[in-house]
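In what follows, every heavy atom counts, from backbone to side chain, and hydrogens, waters and symmetry copies are set aside. The structure presented is a predicted model; accordingly, all values stated were derived computationally and were not measured. Order of the sequence lines sets the chain letters (A, B, ...), proteins ahead of strands, with each chain counted from 1.
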2 protein chains.
Amino acid sequence: MRKNMPALGELERVVMDAVWDSPEALSAYDVQQQLEAAGRPLAATTLLTVLSRLEKKGFVASDRTVRPYRYSPVASRADHVAELMHEVLGESRDRMAVLERFVGSVSEEDAAVLRKLLRGDG
Amino acid sequence: MRKNMPALGELERVVMDAVWDSPEALSAYDVQQQLEAAGRPLAATTLLTVLSRLEKKGFVASDRTVRPYRYSPVASRADHVAELMHEVLGESRDRMAVLERFVGSVSEEDAAVLRKLLRGDG
DNA sequence: GAAGTGGTTCTACGCGGCGTAGAACTCAGC
DNA sequence: GCTGAGTTCTACGCCGCGTAGAACCACTTC
C-alpha cells in the first residue's frame, strides 16, 4: 500500500469517477464526451492535462501501444477508498480509540457487513 | 457529523497535534514554546494566524474570557480521525466493497479490536 | 512524400490555500 | 496615560489545480 497518497482536486475526482465507472480503458476523448454529457464541457487539452497529472500521481495508467492512448485506473475505487481509510487511520496514535469511535458511529447495516466480514476472516 | 471537513495543512496538523496532546487549553504562546522545543521555532504571530484559521475551520475553540486566550480542540484526535474515515467511506458508492477491502487489509490486532467492538455493539 | 487531420505534449495563466511574519492595535496593570 | 505582552490585520510568496492555447506528432490520402 502506497503511503502519502496525493490528494485529488475536484476535477481530478470527476475524471477518476469517469475512469472508474467505465469497464474498459478510455481515451481522453471518451472522457471528454462523458463529462460533456454530464453537463461539464471541457477542452480536450484540459482532460489531457488532468489525465497526465493523474498518471504522475499514480491514479491511472496509460496504454501507449494504441492511438489514441487508453487510460485505465490503477486501483479500483473500492481499493482506493479502503487505502485512504487505512491512511487516515494511520494518522492516529491510538488506533483502538479511533476504531472505537468509528465503529460506534457506523450504521447498523455497515456494522452487520463488518461482523460478517470479520467472521469469515477469523 | 460535519460533512466536507476542511483539510489540514502541514503546519496546521503540527499545531493540532500540540493542541490534542495537551490536557488543558493552550495559549498561542504555549504552542509556540512547545513547537520550539520540538525543533520548530516560529514567530508568535504565525501561531496566532494558524490558530485563527483552525478556529475558522472548526478544529479549535478559544476561551476568550481569559487573557491570553486559551485554545482547545473541538473534537478529540480519535473523533477527528474517525470522522475522516466516515467521510472517506462516504465517497464511495459501494460501501460494502470498500469495507471488504478495508477489513481484508487490517492487521490481526485491528481485526480483533473490531470484532470485540462489534460484539459489544450488537 | 506533402498536406491534412485528429490526438498529444508543452507551456502558461489565474486563483486560492497555506506557511510565514511585520505592523498596528488592545487591554491589564502601573 | 504609559508600557508591554498578547492579539488582530494585512500581506507576501509558493504551490497545486482548473483551465486551455500553441506547437508538435503520427497516420491517412492523394
[X] side-chain proximity, nearest of [options]:
X     : options                : answer
B:Y71 : C:dA21, D:dT8, C:dT20  : D:dT8
B:Y29 : D:dG6, C:dG19, D:dT19  : D:dG6
B:A28 : D:dC17, C:dC18, D:dT7  : D:dT7
B:R40 : C:dA23, D:dG21, C:dG19 : C:dG19
B:T46 : D:dT19, C:dT20, C:dT9  : C:dT20
A:K57 : C:dT20, D:dC17, D:dT8  : D:dC17

inquiry  = Please find the pair of heavy atoms, one from B:S92 and one from A:V81, that lie closest to each other, and give the distance.
reply    =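 Shortest heavy-atom contact: CB-CG2, 4.2 Å.
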Strictly below 4.0 Å, N to O, side chains only: are [X] and [Y] in salt-bridge contact?
X      : Y     : answer
A:R93  : B:D21 : yes
A:E12  : A:K57 : yes
B:E100 : B:R95 : no
B:E91  : A:R13 : yes
B:D17  : B:R77 : yes

### Task
Please name all residues satisfying salt bridge (charged side-chain N to carboxylate O under 4.0 Å, His left out) with B:E55, sequence neighbours left out, ordered by chain then number.
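Testing B:E55 for salt bridge (charged side-chain N to carboxylate O under 4.0 Å, His left out), a comparison that skips the adjacent residues, returns B:R64.
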Whole angstrom is fine here: how far is it from [atom1] in [X] over to [atom2] in [N]?
X     : N      : atom1 : atom2 : result
B:R53 : C:dT20 : CZ    : P     : 11 Å
B:L42 : C:dG22 : CG    : C1'   : 15 Å
B:F59 : C:dG17 : CZ    : P     : 14 Å
B:L54 : C:dT20 : CG    : P     : 13 Å
A:Q32 : C:dG7  : CD    : P     : 9 Å
A:L51 : C:dC10 : CG    : P     : 15 Å
B:E12 : C:dG19 : CD    : C1'   : 9 Å
B:M5  : C:dG17 : CE    : P     : 18 Å

Base, sugar-phosphate alone, or nothing: which one does [X] contact when heavy atoms must sit under 4.0 Å apart?
X     : result
B:L48 : base
B:T49 : base
B:R13 : nothing

Between the protein and nucleotides 1-5 of chain D, are there any N/O to N/O pairs under 3.5 Å, and if so, what are the atom names and distances?
none

OP1 or OP2 of [N] versus the side-chain N and O atoms of [X]: is any pair under 4.0 Å?
X     : N      : result
B:R64 : D:dT8  : yes
A:K56 : D:dG16 : no
B:T45 : C:dG22 : no

- Message: Using 0.5 Å steps for rounding, measure from the CG atom of A:D94 to the CZ atom of A:R101.
- Response: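 Result: 8.0 Å between the selected atoms.
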Comparing A:R67 and A:A7 on DNA chain D - which has the more 5′ nearest nucleotide
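Closest to the 5' end, via its nearest nucleotide, is A:A7.
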Checklist line | First of B:S52 and A:P41 reached from the 5' end of DNA chain D, by closest nucleotide | finding: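 The answer here is B:S52.
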